[in-house]
Amino acid sequence: MELCDLSAYELAALIRKREVSAVEALESTLKRIEQVEGRNGSLDAGAITPEDEKKVHAFITQTEEIARAQAEAVDQKIAAGEIPGPLAGVPYTVKDIFNVKGTLSTAGSKILNNYTAPYTATPVERMQKAGAVMVGKVNLDEFTHGSSSESSAYQPAPRNPWDPSKVPGGSSGGSTAAVAAGMGQISLGTDTGGSIRQPAAFCGVVGLKPTYGRVSRYGLIAFGSSLDCPGPVTRNVTDAALALNAIAGRDPRDSTAVTVPVPDYTATLEAGVKGLRIGLSPDFFKIQYFDHETGEMKEEPISDEIKRGVEEAADRLSEMGARIVENVPMPHTKYGIPTYFVISRVEVASNLHRFDGVKYGHRTEVPVDDLREMYRRTRAEGFGAQPKLRILMGMYVSAAQYSEQYYQRALKVRSLIRSDFDAIYDPDGDYRLDALLTPATPTPAFGFGDVYGDTVLMQYADQFTVTANHAGVPGLSLMGGLSKDRLPLGLQLLGRDYDEATLLRIGRAFEIATEDAAWRKEKPAVLQGL
Ligand code: GLN
């Protein structure tokens with residue numbers, strides 16, 4: 001076992017005890033990057049070669065110099081007898097949607113191809129304070145618009161370490177691919193409709209979308225400001241708790257970052273599930289969508305293997321003393337995606353106005369006579385297909401004559417979605433749940449090009465994750481098994497506001513219950529033979 005394959009908590013403990021240095025841990029990670037990364041994403045990648053198809057391509061920018069300086073600083077602190085942070089010496093990566101001072105911060109878009117951030121996002125600053133060592137900025141769908149990471153302007157796009165012919169999911173696909181392949185123990189991602197949980201499920205790692213406001217959004221390049229949640233991607237639940245400890249909490253620079261006290265998320269991890277009430281909802285065991293030809297609501301079953309994985313997880317948790325509550329109604333789940341289509345587009349159309357070629361980022365080189373022409377050309381050249389589509393739709397559904405019909409209505413449906421969660425967690429209600437157990441995704445990872453280009457189909461990869469963003473509640477996704485094709489099967493736990501601790505505790509209990517399962521011993525394809 002290489003140092004880069006240890007969990008964050010094991011590695012941090014070894015470093016604190018001086019059995020391993022932070023620099024050695026970094027060397028191990030850099031060696032792994034050398035072995036599996038292939039080419040970092042770039043704007044002028046040219047054709048994708050057969051060799052490229054075997055590699056992971058998680059990064060846009062590697063930050064070896066920063067990493068060395070941070071690792072050396074940790075080792076010096078330890079040598080001087082100072083107490084290093086709880087993540088001292090742990091290598092991590094950052095989705096390229098976070099501003100990190102002095103680094104290229106692209107959001108996966110050509111429009112930011114020359115943008116060096118002048119400041120650092122709060123979650124990244126907090127990882128630094130905890131002693132973690134940043135090895136690079138990782139690839140993502142452009143402006144986080146997607147569920148496969150294929151829409152990045154920086155190619156080759158990341159690939160799934162379990163099977164590089166499959167996508168890693170998205171939009172935090174660089175984060176989850178990096179963590180699964182041993183390129184950093186932790187990655188910071190963001191989740192607006194599922195972008196941490198869905199790729200975590202595809203890559204067999206742990207992804208945590210905290211409650212809205214639990215982690216500051218300061219320094220994040222915004223997508224949907226009422227939905228965006230930064231959070232950690234890790235290889236196990238304990239590491240997710242450690243990472244959340246580091247990044248959660250109020251921030252005077254983000255007025256939506258809440259002042260609710262932050263517990264020590266590791267304190268209750270091993271408390272078990274005895275007496276907890278965990279729900280299963282039939283509304284999370286089918287895909288529901290509107291047929292655009294007929295306007296009717298249609299249904300499709302989810303993957304059998306995923307369904308069985310969730311049922312088996314429920315059995316394990318029940319054996320450990322949880323009370324499984326079946327047939328929990330979540331009737332507005334089916335409106336999650338259409339509602340998201342409207343709300344996220346309105347918010348992103350507004351947020352993307354700032355990219356105009358004036359203050360930073362790409363500006364057209366075509367000579368122009370007036371300002372409007374400069375804006376128009378800059379944005380036409382700089383944005384890819386997804387942001388363009390989304391801006392158009394957002395402008396349309398919020399326009400004065402349509403707002404009532406679409407945007408105002410979507411906001412009402414959003415509160416109905418929230419009311420589903422209020423009802424199941426109500427301590428005096430019929431269900432009194434501590435958490436809801438669902439599939440994270442309807443299918444395992446899909447192939448490159450299989451869904452890409454079909455925006456509607458692509459979005460249905462998020463049907464089970466998106467309602468948590470509407471409602472603001474936390475969600476944890478974790479591996480629940482392997483398919484017969486050796487692809488990870490994802491589980492999701494949804495919880496009450498600010499109760500990440502219970503989700504982590506249930507997740508940890510599931511890890512203990514499945515410690516000896518055959519699939520736990522399996523490794524991603526790209527790591528075999530290393
Ligand atoms: N896949 C969704 C989208 O394309 C969610 C993305 C996200 O969570 N950032 O909008």
Side-chain angles (χ1 to χ4, degrees), residues 95-98 107-109 138-152 157-158 167-176 187-203 207-210 212 215 217 220-233 287 289 336-349 351-352 383-394 397 410 414 440-443 445-446 450-475 477 490 492:
K95 186 178 183 180
D96 209 17
I97 196 80
F98 291 90
S109 182
V138 286
N139 215 335
L140 67 159
D141 282 296
E142 184 174 0
F143 284 106
T144 83
H145 298 168
S147 308
S148 69
S149 300
E150 289 162 287
S151 76
S152 177
V167 301
S171 62
S172 309
S175 292
T176 58
S187 188
L188 290 182
T190 58
D191 191 311
T192 307
S195 273
I196 289 177
R197 291 162 289 155
Q198 184 262 14
F202 277 14
C203 290
L208 175 62
K209 177 202 106 63
Y212 181 79
V215 178
R217 290 182 294 113
L220 198 66
I221 299 172
F223 168 11
S225 305
S226 76
L227 303 158
D228 291 345
C229 297
V233 174
I287 283 292
Y289 64 100
I337 294 293
T339 305
Y340 177 80
F341 252 91
V342 176
I343 293 174
S344 70
R345 269 59 174 177
V346 170
E347 295 186 10
V348 83
N351 277 324
L352 294 183
F383 285 133
Q386 276 300 319
K388 281 178 184 163
L389 270 171
R390 293 179 187 217
I391 291 168
L392 284 174
M393 183 169 167
V397 297
R414 183 176 186 175
T441 57
T443 64
F446 35 82
D450 285 0
V451 182
Y452 190 56
D454 185 330
T455 309
V456 177
L457 209 57
M458 184 68 92
Q459 291 272 211
Y460 280 91
D462 302 330
Q463 171 142 8
F464 304 143
T465 50
V466 75
T467 49
N469 299 80
H470 289 308
V473 299
S477 99
Q492 175 177 240

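Whatever order the structure lists them in is the order used to number ligands and atoms, beginning at 1.
For ligand 1, one of its N or O atoms has an N or O atom of Thr144 under 3.5 Å away. For Ser195, a nitrogen or oxygen atom sits less than 3.5 Å from a nitrogen or oxygen atom of ligand 1, counting backbone and side chain alike. Close N/O approach between Tyr340 and ligand 1 is found [any backbone or side-chain N/O within under 3.5 Å]. Not a single N or O atom of Phe223, backbone or side chain, sits closer than 3.5 Å to an N or O atom of ligand 1. Any N or O atom pair closer than 3.5 Å counts here, and Ser147 shares at least one such pair with ligand 1. An N or O contact shorter than 3.5 Å links Thr192 to ligand 1 by distance. Checking only distances, Gly193 does come within under 3.5 Å of ligand 1, N or O to N or O.
Although no hydrogens or angles enter the test, the distance criterion places no donor-acceptor pair under 3.5 Å between the side chain of Thr467 and the main chain of Gly336. Of the possible donor and acceptor atoms, one in the side chain of Arg414 sits under 3.5 Å from a partner among the backbone N and O of His470.
The contact set between ligand 1 and His145, taken as ligand atoms under 4.0 Å from a residue heavy atom, comprises 4 (O). Counting atoms of ligand 1 from 1 in the listed order, those under 4.0 Å from a heavy atom of Gly194 are 8 (O). The ligand atoms of ligand 1 that sit less than 4.0 angstrom from a heavy atom of Ser171 are 9 (N). Here is the list of ligand 1 atoms found below 4.0 Å of a heavy atom in Gly146: 1 (N), 2 (C), 3 (C), 4 (O), 6 (C).
Under a 4.0 angstrom heavy-atom cut-off, Arg390 registers as being in contact with ligand 1. Using 4.0 Å as the threshold, Ser344 has no heavy atom nearer than that to any atom of ligand 1.
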Q: Carefully, step by step, assess Glu142 and Phe383 under the rule side-chain contact (heavy atoms from CB on, under 4.5 Å).
A: CA-CA 9 Å; Glu142 184 174 0; Phe383 285 133; 4.3 Å; yes

**Q.** Audit row: Val138, Asp96, side-chain contact (heavy atoms from CB on, under 4.5 Å) steps and yes/no
**A.** CA-CA 5 Å; Val138 286; Asp96 209 17; over 6 Å; no

**Q.** Val451 vs Tyr460, side-chain contact (heavy atoms from CB on, under 4.5 Å): CA-CA, chis, key distance, verdict
**A.** CA-CA 10 Å; Val451 182; Tyr460 280 91; over 6 Å; no

**Q.** side-chain hydrogen bond (donor to acceptor under 3.5 Å, both in side chains) between Lys95 and Thr190, worked out
**A.** CA-CA 8 Å; Lys95 186 178 183 180; Thr190 58; 2.7 Å; yes

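Each of Asp462, Asn469, Thr176, Thr465 was compared with Arg197 under the side-chain hydrogen bond (donor to acceptor under 3.5 Å, both in side chains) criterion, and only Asn469 meets it. Partner of Asn139 under the side chain to side chain contact (heavy atoms under 4.5 Å, CB included) criterion, out of Ser152, Pro168, Ser149, Ser171: Ser152 alone.
Nearest protein heavy-atom contact of atom 2 (C) of ligand 1 is Asp462 OD2, 2.9 Å.
Taking the six-membered ring wherever Trp is involved, the centroid distance between the rings of Phe202 and Phe446 falls below 6.0 Å.
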